[in-house]
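See structure below.
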2 protein chains.
Amino acid sequence: MTSTRFESIRELPLFAEMTEESFDILTRGAYVQNFPPNMVMITEGEAADFLHIVQSGCVELFSSWTNRETSVTTLYANSTFILAATMKDRVNLMSARTLQKSRIIMIPSENVRDVFASDPAFALAIVDELARCYRATIRNMKNLKLRTSIERLANYILKQHHRQGDAVAYQLPIEKRRLASYLGMTPENLSRAFNNLKPHGVVVDGQTITITDMTKLTAFAKPDVLID
Amino acid sequence: MTSTRFESIRELPLFAEMTEESFDILTRGAYVQNFPPNMVMITEGEAADFLHIVQSGCVELFSSWTNRETSVTTLYANSTFILAATMKDRVNLMSARTLQKSRIIMIPSENVRDVFASDPAFALAIVDELARCYRATIRNMKNLKLRTSIERLANYILKQHHRQGDAVAYQLPIEKRRLASYLGMTPENLSRAFNNLKPHGVVVDGQTITITDMTKLTAFAKPDVLID
DNA sequence: TCACCTGCTTGATAAATGTCAAGCCAGACC
DNA sequence: GGTCTGGCTTGACATTTATCAAGCAGGTGA
């Protein structure tokens, strides 16, 4: 049984509904790999030979042009990446690096395309995941084009607050310099943006964010279900 | 035969490979509608009841937040839109307006989801289209985050040049104020950006763009297959 | 314990981009 | 032909954001 090694992902939405046979075919030739922190595992422009799934740890997708670099997103356990390039059999548009020691499952892209064609439940799950990622990217772009950097930060702080169980104080999940890049600004500018949010009810101490006045912060951030 | 009204889209990649029966089911309850120019046909936040296809004319997808608005993309004949929201049965994240008199085919979202589940060829076409749009959006975001507005304009000029058959001079396909919004800048700034490109081999006269020095322009724009 | 990283912050300054106001100009319409 | 309109352009200025340089601080390892 090849699949026993991959039981941990069997319950993920992407794989939960497919037949046992399909899952076997899918995981044939798949393998698990451990990466140390800060390791570039995928470089943009390379062929997408494997669908990747974060089993544990943390992966950043980023992209470069000339001498500039930008963080696109950060992925945690149970996230998939390289799905679109896998399905279209094209090169990756983004690079990927580990931020922590990470365990990654790699499934041959060919298997994914084969099973997509033969297992309707898997096809549905793939399209669902793809549409979800697409919509997340549209939201991201709206965020970038419609808001200033301070507004983006304010909304990020609110979103994290909800993700971390509505605690008044919480820890930033990533380094500030990566957050800055994700939000489309420089680290210096992020520092100043945090200061600018003080009168709007946010206090920062190291990695700890404390929302001192939710009403003020929400009034300033104006979160929107169609962006955030 | 319901489908005769929709023969014009039968040959599109999205519908070409599906069975005749599936196409019949898909177009049941579908209809064609004519819109005048500058008509908002879809408002973000509304349910995505129909998959839309531009049969003729021109449609702009755009988005708003507070009192700001941004152009996301412009679609011409044979383009589909609202595909991701249709597949996930969610609200639209973008609004759509006609830029010219346009003829739009509308297919009930329910039909799309039903046929997706029953016709593997259609499923494959859907996932292909979705992945294509997703990747286009990633490119768009990289363009926005990694380049200045002048660099974005330079690359836009190069891309249009190729699209319009490598002619030395060509007409801008959209109004400058919409181009400005698409590129993430103000109309005033676009005007100045055109002026800034003069020493890099671009002359503008109204809607006409003339590339006077391709070498210089390319050297400045540094187009990249992973963005453009 | 201390030195030394590395990432963060702050200040000074520059560059990019946006805003406001005015004028220009081509096309639409009477 | 003349007027009007809307989009485009230009100038002056404000704001936002980036850059450069320096200093700070918390964690790591000798």
Side-chain angles (χ1 to χ4, degrees), chain A residues 36-38 60 65-71 74 97 99-101 143-157 171-200 202-209 220, chain B residues 36-38 60 65-71 74 97 99-101 143-157 171-200 202-209 220:
Chain A
N38 210 33
E60 177 187 45
W65 180 74
T66 63
N67 62 345
R68 298 167 214 169
E69 180 184 310
T70 188
S71 176
T74 309
R97 75 161 70 89
L99 295 186
Q100 309 165 2
K101 183 170 174 297
N143 193 31
L144 281 166
K145 290 184 80 174
L146 291 168
R147 288 175 173 156
T148 66
S149 59
I150 303 179
E151 288 165 345
R152 292 198 292 274
L153 177 60
N155 281 289
Y156 177 87
I157 289 171
Q171 302 291 111
L172 284 178
I174 52 172
E175 287 172 292
K176 285 183 184 168
R177 67 202 178 104
R178 291 186 207 283
L179 175 57
S181 179
Y182 169 70
L183 293 174
M185 58 210 276
T186 58
E188 294 94 327
N189 203 8
L190 178 64
S191 242
R192 290 184 246 270
F194 273 123
N195 288 334
N196 283 326
L197 284 181
K198 217 169 278 175
H200 297 291
V202 176
V203 170
V204 184
D205 179 30
Q207 296 272 103
T208 307
I209 307 293
F220 176 78
Chain B
N38 211 34
E60 177 188 43
W65 180 73
T66 62
N67 62 345
R68 298 167 215 169
E69 181 183 309
T70 189
S71 176
T74 308
R97 75 161 70 90
L99 295 186
Q100 308 166 3
K101 184 169 173 300
N143 194 30
L144 281 166
K145 288 184 82 174
L146 290 168
R147 289 175 173 156
T148 66
S149 58
I150 302 178
E151 288 166 344
R152 293 198 292 276
L153 177 60
N155 280 289
Y156 177 86
I157 289 171
Q171 302 292 112
L172 284 177
I174 53 173
E175 287 172 291
K176 285 182 184 168
R177 66 200 179 106
R178 292 188 205 281
L179 175 58
S181 178
Y182 168 71
L183 293 175
M185 58 209 278
T186 58
E188 295 95 326
N189 203 7
L190 177 64
S191 241
R192 290 186 247 267
F194 273 123
N195 287 335
N196 283 326
L197 285 181
K198 216 169 279 176
H200 297 290
V202 176
V203 169
V204 184
D205 178 30
Q207 297 273 103
T208 307
I209 307 292
F220 176 79

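In what follows, chains carry the letters A, B, and so on, assigned in the order in which the sequence lines appear, proteins first and then strands, with residues in each chain numbered from 1. All figures in this text were calculated on a predicted structure; none of them were measured in a lab.
Put simply, A:T186 has no side-chain N or O that comes within less than 4.0 Å of OP1 or OP2 on D:dT17. For D:dT19, neither phosphate oxygen OP1 nor OP2 lies less than 4.0 angstrom from any side-chain nitrogen or oxygen of A:N189. Proximity of B:T148 to the phosphate of C:dA16: no side-chain N or O atom is located under 4.0 Å from OP1 or OP2.
Summarising the geometry, atom CG belonging to B:L179 is positioned 5.0 Å from atom OH belonging to B:Y156; distances are rounded to the nearest 0.5 Å.
Across all their heavy atoms, B:L153 and B:A193 have their closest contact at CD2-CB, 3.6 Å. Across all their heavy atoms, A:L146 and B:R68 have their closest contact at O-NH1, 2.7 Å.
The separation between B:L190 atom CG and D:dT10 atom P is 11 Å, rounded to whole Å. In this structure, B:R178 places its CZ atom 8 Å from P of D:dG7, rounding to the nearest Å. Rounding to whole angstrom units, CD of residue A:E151 and C1' of D:dT16 are separated by 12 Å. The interatomic distance linking A:I209 (CD1) with C:dC8 (C1') rounds to 13 Å, in whole Å. To the nearest angstrom, P of C:dG18 lies 11 Å from CG of B:L183. Counting to the nearest Å, the P atom of D:dG7 and the CZ atom of B:R177 are 4 Å from each other. Rounded to whole Å, atom P of C:dA16 lies 9 Å from atom CG of B:N196. When the P atom of C:dA15 is taken as reference, atom CZ of B:R147 falls 23 Å away, rounded to whole Å.
One can find a donor-acceptor pair under 3.5 Å joining the base of C:dG11 and the side-chain atoms of A:R192. Between the base of C:dG18 and the side chain of B:R68 there is no donor-acceptor pair shorter than 3.5 Å.
Remark: of the listed residues B:R97, B:R177, B:E60, B:R178, B:E60 is the sole one forming a side-chain hydrogen bond (donor to acceptor under 3.5 Å, both in side chains) with B:S71.
Residue A:M185 places its side chain closer to D:dA18 than to any other of D:dA18, D:dC8, C:dG18. The side chain of A:K176 lies closest to C:dT9, out of C:dT9, D:dT9, D:dA18.
Looking at B:K198, its side chain never comes within 3.5 Å of a backbone N or O of B:V204 through a donor-acceptor pair.
Both A:E188 and B:V204 lie near DNA chain D, and the one whose nearest nucleotide falls closer to the 5' end is B:V204.
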